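Written below as structure tokens is the structure these notes are about.
As the structure lists them, so they are numbered: ligands from 1, and atoms in each ligand from 1. Quick caveat: nothing in here was measured; it's all calculated off a predicted structure.
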Amino acid sequence: MKYDCLILGGGLSGLYAAFRLQQRSLHFAVLEARERLGGRIFGFTPRGSATRFDLGPTWLWPEFQAMIADLTRELGVELFTQQTTGAALYEDPNLPSAQRIDGESPNAHSWRVAGGTSALIDALASRLPTKEIRTGRRVNELHLHPNGIEVQSASPDGQMETFFAEQVISTLPPRLLAESVRLDPPLPAAQLRQFNATPTWMAAHAKFLVFYATPFWRMAGLSGEVFSRRGPLTEIYDASPPESGPYALFGFFGLPATARRQLGHGELAARSLAQLQRLFGKAALAPTDWEIKDWSEDPLTATAADSIAPAGHPAYELPDTLRTAWDGRLVFAGSETAIGQGGYLEGALEAAATACGLIAQ
Ligand SMILES: Cc1cc2nc3c(=O)[nH]c(=O)nc-3n(C[C@H](O)[C@H](O)[C@H](O)COP(=O)(O)OP(=O)(O)OC[C@H]3O[C@@H](n4cnc5c(N)ncnc54)[C@H](O)[C@@H]3O)c2cc1C
């Protein structure tokens, strides 16, 4: 069967591209390597709860992000603001105890998706034809033919399947595409250089989620927000649902990927709980559950080069000349190719919309 367009990757960018192509009645399929959709959008369901908590992205900023604001409205996805009521804490290694910071938090204008960011993925997927959203299909090779592109894929148990399309949109992070998919003919050197030099946003990082029966930090007049130069968690936030439990905190590790790997998840959790005890008291030592997601260890997000975090937020902005290959048959999307807000959820939408504009009717 020949498709008008094959979309590689079923993260936000890939599913949004599918949503847009469906509105144009094009014949498409999404090929996703993981057994689940969402890519870096990934929720964890703790013991005794049916709610998903974000191990990937948490925040969006609808005031500055028109596309995600429109999409959440169109899909009927409910948003709520990040809990910031109460004082934040600042931990300095040279001071005996954490300092309280009163006043408005910089996160007071950050919004979250009710039911976790995965609810956005569910809402998008529910509007797409199930049989064309193919999970467990890892794309290994693309071959250019005179009349289209042949896509070779494998399932986790090694079953090969070949697809054919007029055009292909890749939403894989550029660096991951360059490293893990064989392109025949290969990409021009300038494009390959650019892709290899493009860090995948947040791929170097790891998140710690911890669950409690009560929000004891709020009871002490604290927001749950912490900025720490002591660690192991350098930033901590309240991750609870808007109205009830399970109450949760999440934190980002300050340790680099190599150090995290040496310690292992058990030791990282023990050190994180000790830090939470130092900050919030003994109640922090009685979690009902915890989870760590280290994105640098996930080969469907990170490459070896992504173990080192970029110094700041990279200026992504893929030049138009590098946005396609093979005379426009192969089009690159994914958040890291966006012109504005690359790396963010908004960038994933923007890049998908730009790519869809390059797909023939
Ligand atoms: C810990 C963390 C926190 C973050 N916080 C925020 C935040 O608060 N706000 C924000 O805006 N952004 C945040 N981000 C960034 C945000 O997650 C991304 O911008 C967005 O999810 C990217 O979507 P995407 O579809 O472009 O890429 P991805 O989600 O990476 O999707 C790519 C897809 O391709 C699939 N794939 C990979 N290889 C293959 C293959 N060979 N064949 C087929 N499929 C393949 C992957 O499985 C994946 O599903 C965060 C990211 C992380 C990891």
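Close approach to Trp295 involves these atoms of ligand 1, each under 4.0 Å from a residue heavy atom: 1 (C), 53 (C). Interface atoms of ligand 1 facing Ala348, defined by a heavy-atom separation under 4.0 Å, are 23 (O), 26 (O). Within ligand 1, counting atoms from 1 as listed, the ones closer than 4.0 Å to a heavy atom of Gly343 are 15 (C), 16 (C), 18 (C), 19 (O). Per-residue contacts place Gly9 under 4.0 angstrom from the following atoms of ligand 1 (heavy atoms of the residue considered): 33 (C), 34 (O), 35 (C), 44 (N). Close approach of ligand 1 to Leu176 is summarised as follows: ligand atoms under 4.0 Å from at least one heavy atom of the residue are 37 (C), 38 (N). Residue Arg138 approaches ligand 1 through these ligand atoms, each under 4.0 Å from one of its heavy atoms: 41 (N), 42 (N). If you number the atoms of ligand 1 from 1 as listed, the ones under 4.0 Å from a heavy atom of Gly39 come out as 29 (O), 48 (C), 49 (O). The ligand atoms of ligand 1 that sit less than 4.0 angstrom from a heavy atom of Gly334 are 26 (O).
When the heavy atoms of Ala203, Gly11, Gly136 are ranked by distance to atom 31 (O) of ligand 1, first place goes to Gly11. If you check each of Thr171, Leu12, Asp294 against atom 32 (C) of ligand 1, the one with the closest non-hydrogen atom is Thr171. Nearest residue to atom 52 (C) of ligand 1 from Glu141, Met202, Lys293 is Met202 (criterion: closest heavy atom). For atom 30 (O) of ligand 1, the nearest non-hydrogen atom from the set Glu32, Arg40, Arg34 belongs to Arg40. When the options Val30, Leu345, Thr117, Leu31 are ranked by their closest heavy atom to atom 12 (N) of ligand 1, first place goes to Leu345.
Considering Arg229, Gln99, Gln275 in turn, Gln275 is the only one that fulfils the side-chain hydrogen bond (donor to acceptor under 3.5 Å, both in side chains) rule with Glu91. When each of Phe252, Phe253, Phe250 is paired with Phe208, the side-chain contact (heavy atoms from CB on, under 4.5 Å) condition holds for Phe253 and for no other. Put simply, the residue from Glu32, Glu35, Glu161 that forms a salt bridge (Lys or Arg N to Asp or Glu O under 4.0 Å) with Arg137 is Glu161.
Residue contact check for ligand 1: Gly347 places no non-hydrogen atom closer than 4.0 Å to it. Ligand 1 does not have Ala352 within reach: every non-hydrogen atom of the residue lies 4.0 Å or more from it. In this structure, Arg137 counts as a contact residue of ligand 1, since one of its heavy atoms falls inside 4.0 Å of the ligand. Taking 4.0 Å as the cut-off, Leu60 does not count as a neighbour of ligand 1 on heavy-atom distance. For the ligand labelled ligand 1, residue Leu8 lies outside the 4.0 Å heavy-atom shell. Distances from ligand 1 to the non-hydrogen atoms of Thr301 include no value under 4.0 Å.
For the pair Arg36 and Phe42, the distance from NZ or CZ to the six-membered ring centre is under 6.0 Å and the angle to the ring normal is within 45 degrees.
Protein heavy atom nearest atom 41 (N) of ligand 1, with residue, atom name and distance: Val139 O, 2.9 Å. Among protein heavy atoms, the minimum distance from atom 25 (O) of ligand 1 is reached at Ser13 N, 2.9 Å. Of the protein's non-hydrogen atoms, the one nearest atom 26 (O) of ligand 1 is Ser335 N, 2.8 Å. Among all non-hydrogen protein atoms, the one lying nearest atom 4 (C) of ligand 1 is Pro57 CA, 3.4 Å. The nearest protein atom to atom 9 (N) of ligand 1, hydrogens excluded, is given as Trp59 O, 2.8 Å; this is a heavy-atom distance. Here the protein heavy atom with the shortest distance to atom 44 (N) of ligand 1 is Ala33 N, 3.2 Å.
In this structure, CD in Glu104 is found 7.0 Å from OG1 in Thr84, a value given to the nearest 0.5 Å.
Side-chain N or O atoms of Tyr212 include one that pairs as donor or acceptor with a backbone N or O of Ala284 at under 3.5 Å. Using a distance-only test at 3.5 Å, with no hydrogens or angles considered, no donor-acceptor pair links the side chain of Asp4 to the main chain of Phe28.
Sparse packing is recorded around CD of Glu78, with 12 or fewer heavy atoms of other residues, nucleotides or ligands lying under 6.0 Å away. Around the CG atom of Asp327, the shell of radius 6.0 Å holds no more than 12 heavy atoms that belong to other residues, nucleotides or ligands.
For the 3.5 Å distance criterion, the side chains of Arg40 and Thr117 fail to qualify, holding no donor opposite an acceptor. Neither side chain, Ser180 nor Arg138, offers a donor N or O lying under 3.5 Å from an acceptor on the other. In the model, Asn107 has no side-chain atom that pairs as donor or acceptor with a side-chain atom of Ser105 under 3.5 Å. Side-chain atoms of Gln341 and Glu350 include no donor-acceptor pair closer than 3.5 Å.
Looking at Glu346 next to ligand 1, no N or O pair under 3.5 Å apart turns up.
At a heavy-atom cutoff of 4.0 Å, ligand 1 is contacted by no atom of His205, backbone or side chain. By the criterion of a heavy-atom distance under 4.0 Å, the backbone of Leu55, and not its side chain, is placed next to ligand 1.
Considering only heavy atoms from C-beta on, Ile236 comes within 4.5 Å of Leu279 through its side chain.
Ring geometry for Tyr316 against His313 counts as perpendicular: the plane angle is over 60°, on a 0 to 90° scale with 30° as the lower cut. By the 30° and 60° cut-offs, the orientation of the rings of Trp217 relative to Phe280 is tilted.
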